Amino acid sequence: MRALFFLVFLNLVGNCFAGNTSDISRGGLLYDRWYEVVDVKKPDFTHPGWPASNTNKHGSTTHRCKSCHGWDYKGRDGAYRSGSYKTGIPGIQAFSGGDKRKVLDILTNELHGMDRYLPAKDLDDLALFIVDGQFDFSKFIDVETNLVISGDSRAGSEYYDTVCAKCHGVDGDLIKDMTPVGIIAHKNPWEVMHKIINGQPGEKMPSMRAFGMTVVMDIMAYVQTLKNN
Ligand code: HEC
Ligand code: HEC
């Protein structure tokens with residue numbers, strides 16, 4: 001009987017922490033194009049923190065968290081160590097599992113100033129994503145080949161065909177104004193993983209976060225078999 005009470009107690013405590021998966025994913029969407037998640041005027045000027053050394057990018061895209069900190073959350077130590085988003089800015093992985101209040105302080109500091117755009121609830125979701133929502137993608141994607149390290153593409157095809165294909169088509173090229181899924185999955189697997197996990201800002205695309213990384217990696221393994229040229 002005592003054991004039963006203990007289990008009920010554990011369950012109650014667990015429930016206090018559970019149920020925020022959608023808030024974390026919402027934070028993941030804000031990390032991407034926050035100005036398409038909330039009803040604000042998107043900044044049309046270049047972010048004052050964007051380094052002058054990078055002349056490839058300007059305007060609203062320089063305000064996306066991912067543009068400075070990367071889809072792999074590793075900034076200058078990850079995929080953005082080179083290429084058109086090279087800025088020399090560090091990643092956000094140091095705050096994975098970190099203190100949410102410290103992240104809120106950073107988001108509202110002079111450099112970030114995100115409280116000018118986002119109300120408290122959105123800042124909170126974003127901070128929650130930083131502390132609870134990141135993955136170390138180097139465990140899942142081989143940085144030399146860009147290919148998945150784990151994942152069952154046969155299982156992935158079942159998930160893809162029943163979920164993703166509704167919008168993207170069985171070949172991944174149904175949405176005409178978008179680069180086909182198979183091509184992005186090879187060029188930028190971290191972006192595709194971030195989007196499978198969190199969804200696409202401003203679109204009905206679902207977040208698969210609650211299904212866990214095994215499902216995400218099965219889907220990744222399959223989309224890397226879709227036509228990619
Ligand atoms: C224009 C570039 C830029 C954008 C956009 C940007 N940041 Fe930053 N961020 C920085 C710089 C620069 C630092 C300071 C790095 C340092 O301390 O050397 C930083 C630091 C951080 C840190 C602390 C990292 C650490 O390990 O100390 C976090 C967390 C962070 N940013 C989150 C975000 C989030 C979330 C967004 C989106 C709302 C965002 N940033 C948008 C440039 C940017
Ligand atoms: C309800 C429809 C819907 C479903 C279901 C859906 N998506 Fe999407 N997805 C979209 C839309 C719409 C976009 C934005 C297209 C654009 O930019 O024109 C998008 C964007 C993407 C992008 C980013 C493209 C880019 O360049 O920004 C990827 C990758 C992607 N989806 C993969 C998937 C995968 C994998 C699944 C299944 C887990 C999935 N989507 C499920 C509608 C959907």
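Just so it is clear, the structure is predicted and the values come from calculations on it, not from any experiment. Atoms within each ligand, like the ligands themselves, are counted from 1 in listed order. One is the number of the first residue; the rest follow in order along the sequence.
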Next on the checklist: To check your reading of the site, what angle at atom 8 (Fe) of ligand 2 do NE2 of H168 and SD of M205 form, to 10°?
Outcome noted: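 That angle works out to 170° after rounding to 10°.
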
Item to check | Residue H112, metal atom 8 (Fe) of ligand 1, N/O/S under 2.8 Å | outcome: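 So H112 does bind atom 8 (Fe) of ligand 1 by this criterion.
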
Checklist entry - Would one find an N, O or S atom of C65, in either backbone or side chain, under 2.8 Å from atom 8 (Fe) of ligand 1? => result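 Of the N, O and S atoms in C65, none lies under 2.8 Å from atom 8 (Fe) of ligand 1, which means no.
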
Next on the checklist: Determine whether I106 and F95 satisfy the following criterion, side chain to side chain contact (heavy atoms under 4.5 Å, CB included), listing intermediate values before the conclusion.
Outcome noted: CA-CA 11 Å; I106 293 168; F95 280 90; 3.6 Å; yes

What residue and atom, counting heavy atoms only, is the protein's closest point to [atom], and at what distance?
{"atom": "atom 37 (C) of ligand 2", "answer": "C164 SG, 1.8 Å"}
{"atom": "atom 17 (O) of ligand 1", "answer": "P90 CG, 5.0 Å"}
{"atom": "atom 23 (C) of ligand 2", "answer": "K195 CD, 3.6 Å"}
{"atom": "atom 3 (C) of ligand 1", "answer": "C68 SG, 2.7 Å"}
{"atom": "atom 28 (C) of ligand 2", "answer": "M178 CE, 4.0 Å"}

Next on the checklist: Checking the N or O distance criterion of under 3.5 Å, is ligand 1 in contact with H69?
Outcome noted: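 The answer is yes, given that H69 and ligand 1 share an N or O pair closer than 3.5 Å.
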
Give me the ring orientation class for [X] and [Y]: parallel if the planes are under 30° apart, tilted from 30 to 60°, perpendicular past 60°.
{"X": "F137", "Y": "F135", "value": "parallel"}
{"X": "H63", "Y": "W34", "value": "perpendicular"}
{"X": "F129", "Y": "Y31", "value": "tilted"}
{"X": "H69", "Y": "H112", "value": "parallel"}

Ligand 2 atoms in contact with [X] (distance to a heavy atom under 4.0 Å):
{"X": "D177", "answer": "16 (C), 18 (O)"}
{"X": "C167", "answer": "1 (C), 2 (C), 3 (C), 4 (C), 5 (C), 42 (C), 43 (C)"}
{"X": "V163", "answer": "5 (C)"}
{"X": "V192", "answer": "29 (C)"}
{"X": "I196", "answer": "35 (C)"}

Checklist entry - With no hydrogens and no angle check, is any side-chain donor or acceptor of Q134 less than 3.5 Å from a backbone partner on I92? => result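 Confirmed, Q134 side chain pairs with I92 backbone.
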
Checklist entry - Is atom 26 (O) of ligand 1 less than 4.0 angstrom from some protein heavy atom? => result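 At least one protein heavy atom is under 4.0 Å away.
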
Checklist entry - What closest approach, in Å, do T46 and G59 show between heavy atoms, and which atom pair accounts for it? => result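 Closest pair (atom of T46, atom of G59, distance): OG1-N, 2.9 Å.
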
Checklist entry - Which pair of heavy atoms, one from S67 and one from T87, lies closest together, and at what distance? => result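 Closest heavy-atom pair between S67 and T87: O-CG2, 4.5 Å.
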
Checklist entry - Roughly how far, to the nearest 0.5 Å, is the NZ atom of K195 from the CG atom of L29? => result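 Reported value, rounded in 0.5 Å steps: 9.5 Å.
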
Item to check | Interatomic distance, L118 atom CG to D124 atom CG [nearest 0.5 angstrom] | outcome: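 Going from the CG atom of L118 to the CG atom of D124 covers 11.5 Å.
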
Checklist entry - Does the pair D125/K121 count as a salt bridge with the N-to-O cut at 4.0 Å? => result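 Salt bridge: yes.
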
Looking at ligand 1, does [X] have a heavy atom less than 4.0 Å from it?
{"X": "S67", "result": "no"}
{"X": "K66", "result": "no"}
{"X": "P51", "result": "no"}

Checklist entry - Judging by distance only, is a nitrogen or oxygen of Y160 under 3.5 angstrom from one on ligand 2? => result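 Such a contact does not occur with ligand 2.
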
Item to check | Audit row: M213, M193, side chain to side chain contact (heavy atoms under 4.5 Å, CB included) steps and yes/no | outcome: CA-CA 10 Å; M213 280 311 269; M193 282 179 72; 3.6 Å; yes

Checklist entry - Counting each atom of ligand 1 from 1 as listed, which ones have a heavy atom of L126 under 4.0 Å away? => result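 The atoms of ligand 1 under 4.0 Å from a heavy atom of L126 are 35 (C), 38 (C).
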
Residue portion contacting ligand 2 (non-hydrogen atoms closer than 4.0 Å) for [X]:
{"X": "T179", "answer": "neither"}
{"X": "K166", "answer": "neither"}
{"X": "P206", "answer": "side chain"}

Checklist entry - Distance only, no hydrogens: is a donor on one side chain within 3.5 Å (strictly under) of an acceptor on the other, for Y117 and K42? => result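 Checked: Y117/K42 side chains show no N/O donor-acceptor pair below 3.5 Å.
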
